[in-house]
Undergrad: 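Here you go, one structure.
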Protein chains: 2
Amino acid sequence: MGSYEQNIFRKYIADQGLKTTLQREIILDEFLRLEHPSTEDLYQSLRSKHQNIGYATVHRALKLFAECGIATVRNFGDGAQRFEPCREDRHHDHLVCTRCGLIIEFENSQIEKLQQQVAKSHAFTVLDHRLELYGLCERCK
Amino acid sequence: MGSYEQNIFRKYIADQGLKTTLQREIILDEFLRLEHPSTEDLYQSLRSKHQNIGYATVHRALKLFAECGIATVRNFGDGAQRFEPCREDRHHDHLVCTRCGLIIEFENSQIEKLQQQVAKSHAFTVLDHRLELYGLCERCK
DNA sequence: GTATTCGTTGAAAACGAATTTCAATTACAG
DNA sequence: CTGTAATTGAAATTCGTTTTCAACGAATAC
Ligand SMILES: [Mn+2]
Ligand SMILES: [Mn+2]
Ligand SMILES: [Zn+2]
Ligand SMILES: [Zn+2]
């Protein structure tokens, strides 16, 4: 057995006729330890223990994670794509401190409900959404 | 006199010790006619009548528009920054059709209010926010 | 086991949007 | 006007992302 994410990933790999590799296992493992890493972040994080894993492989793995649904692509406006583990499908949104980069996660079912109402009133089917509040955290203001 | 946006822009230019140029006036004028143009969109849109205005100048103008508050930077995940006129400070959010690119704008004061509550509960000061609902529009689903 | 097949890997190259450089030009204060 | 500093546009650069390609390796066939 393995973690929730490992199982989904392995199933996806098998279903697609792809191959399980040591690199992918290592990358997934490290990915699950990080918060909102960019490709570069994850690559650097692996460097110490695994100097033989290439940047391109890390990047390709992250794309696979997003494809199979265990990672979400984020963009907090800092010019780099960030990826984050979906963690059992618990959706959340973000407060982003524009000064120090602190990221606070939150869930608000009332907001989600209102979003659905808005979409409905425009005959729109929502597949995904992003809500980010930018500003200053307690320490920075 | 001039439009709301022209006045703000000219004041900003003056205050910063910058210079009013014909190019900037033309670019602003065209910018206000478009919906959510990228630099490239705006550049192309100007090309027919003003083949002598360079891409870099368009880009620099857009950055100035954002700086002085008459434009907002948007990122709908298509890989290009988009800019949009603020239009008298009326904030709005977006429904984005991921199939045909249609963008519907909406305002929802209840959602905004809940956002403030969320921020407050984390001792966060919100300076800006983005809410985008991605999915399929009426025609595409 | 050995061969064949086909996906994977990592380094390097290519890509593309954003940004900067630089020499020529222009706005505008004095 | 004149001098000075900002602006311009073409080209070059930057930087994150993506692709290429030859070597490699896992899975399957023989
Ligand atoms: Mn998060
Ligand atoms: Mn809009
Ligand atoms: Zn902070
Ligand atoms: Zn559509």
Side-chain angles (χ1 to χ4, degrees), chain A residues 9-31 36-68 71-83 101, chain B residues 9-31 36-68 71-84:
Chain A
F9 183 55
R10 286 176 183 157
K11 177 158 178 12
Y12 181 78
I13 289 291
D15 289 354
Q16 299 287 312
L18 305 179
K19 291 173 181 172
T20 299
T21 68
L22 184 55
Q23 284 95 329
R24 284 172 176 166
E25 297 282 325
I26 292 171
I27 293 168
L28 175 53
D29 213 58
E30 186 68 18
F31 173 58
H36 302 94
S38 62
T39 303
E40 180 67 24
D41 290 341
L42 181 48
Y43 173 66
Q44 286 305 332
S45 182
L46 286 161
R47 249 141 126 81
S48 52
K49 281 203 187 307
H50 306 280
Q51 55 277 33
N52 50 326
I53 293 182
Y55 182 95
T57 304
V58 174
H59 178 258
R60 286 186 283 233
L62 282 170
K63 285 213 304 187
L64 285 175
F65 299 163
E67 272 173 47
C68 74
T72 310
V73 182
R74 301 287 186 186
N75 185 330
F76 296 139
D78 65 349
Q81 286 187 331
R82 296 185 168 278
F83 298 80
Chain B
F9 183 56
R10 285 177 183 156
K11 177 160 179 9
Y12 181 78
I13 289 292
D15 290 354
Q16 300 287 312
L18 305 179
K19 291 173 180 172
T20 299
T21 68
L22 183 57
Q23 285 95 328
R24 283 173 178 167
E25 297 283 325
I26 292 171
I27 294 169
L28 175 53
D29 214 56
E30 186 67 18
F31 172 58
H36 302 94
S38 62
T39 303
E40 180 66 24
D41 290 341
L42 181 47
Y43 174 66
Q44 286 305 334
S45 183
L46 287 161
R47 220 98 179 75
S48 51
K49 280 205 187 306
H50 307 278
Q51 56 277 33
N52 49 327
I53 294 182
Y55 182 96
T57 304
V58 175
H59 178 260
R60 285 184 284 233
L62 283 170
K63 285 213 304 187
L64 285 175
F65 299 163
E67 272 174 47
C68 74
T72 310
V73 183
R74 302 287 186 187
N75 185 328
F76 296 139
D78 64 351
Q81 287 186 331
R82 297 186 169 277
F83 297 81
E84 94 168 308

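Throughout, protein chains are lettered first and strands after them, A, B, ... in sequence-line order, and every chain is numbered starting at 1. Note: hydrogens, waters and symmetry copies are ignored here, and every other heavy atom, side chains too, is used.
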Undergrad: Detail all sub-3.5 Å separations between protein N/O atoms and N/O atoms belonging to nucleotides 17-19 of chain C.
TA:
residue : atom : partner : partner atom : Å
C:dA18  : OP1  : B:Q81   : N            : 2.9
C:dT19  : OP2  : B:H59   : NE2          : 2.8

Undergrad: Can you list the steps and then say if A:L64 with A:E67 is a side-chain contact (heavy atoms from CB on, under 4.5 Å)?
TA: CA-CA 5 Å; A:L64 285 175; A:E67 272 173 47; 4.0 Å; yes
Undergrad: Side-chain donor-acceptor contacts of residues 40-51 of chain B below 3.5 Å, not counting sequence neighbours, with atom names and distances?
TA:
residue : atom : partner : partner atom : Å
B:E40   : OE2  : B:Q44   : NE2          : 2.8
B:D41   : OD1  : B:S38   : OG           : 3.4
B:D41   : OD2  : B:S38   : N            : 3.0
B:D41   : OD2  : B:S38   : OG           : 3.2
B:D41   : OD2  : B:R82   : NH1          : 2.9
B:S45   : OG   : B:E30   : OE2          : 2.6
B:R47   : NH1  : B:Q51   : O            : 3.4

Undergrad: Got a list of side-chain donor-acceptor pairs under 3.5 Å for residues 20-28 of chain A, not counting sequence neighbours?
TA:
residue : atom : partner : partner atom : Å
A:T21   : OG1  : A:R24   : N            : 3.2
A:R24   : NH1  : A:K19   : O            : 2.7
A:E25   : OE1  : A:R10   : NH2          : 2.7
A:E25   : OE2  : A:R10   : NE           : 3.3

Undergrad: Between protein and nucleotides 24-30 of chain C, what N or O pairs are separated by less than 3.5 Å?
TA:
residue : atom : partner : partner atom : Å
C:dA27  : O3'  : B:T20   : O            : 3.4
C:dA27  : N3   : B:K19   : NZ           : 3.1
C:dC28  : OP1  : B:T20   : N            : 3.2

Undergrad: Rounded to the nearest 0.5 Å, what separation is found between the CD atom of B:Q81 and the NE2 atom of B:H59?
TA: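 That separation rounds to 6.0 Å.
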Undergrad: When the distance from CZ of A:R47 to C1' of C:dA11 is rounded to whole Å, what number comes out?
TA: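 A:R47 atom CZ is separated from C:dA11 atom C1' by 12 Å.
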Undergrad: Could you give the distance from CD1 (B:I13) to SG (B:C68), rounded to the nearest 0.5 Å?
TA: 7.5 Å
Undergrad: Say you draw a straight line from CZ of B:R74 to NE2 of B:H36; how long is it, rounded to the nearest 0.5 Å?
TA: 6.5 Å
Undergrad: Provide the start and end nucleotides, 5' to 3', of the part of DNA chain D that has atoms under 4.0 Å from heavy atoms of chain A.
TA: D:dG16 to D:dA26
Undergrad: Can you name the residues that form a side-chain hydrogen bond (donor to acceptor under 3.5 Å, both in side chains) with B:Y55, not counting sequence neighbours?
TA: none
Undergrad: Working to the nearest 0.5 Å, report the span between CZ of A:F76 and CG of B:N75.
TA: 12.5 Å
Undergrad: Does any donor-acceptor pair link the side chain of A:R60 with the base of C:dG10 at a separation under 3.5 Å?
TA: yes
Undergrad: B:F65 and B:F83: aromatic ring centres closer than 6.0 Å?
TA: no
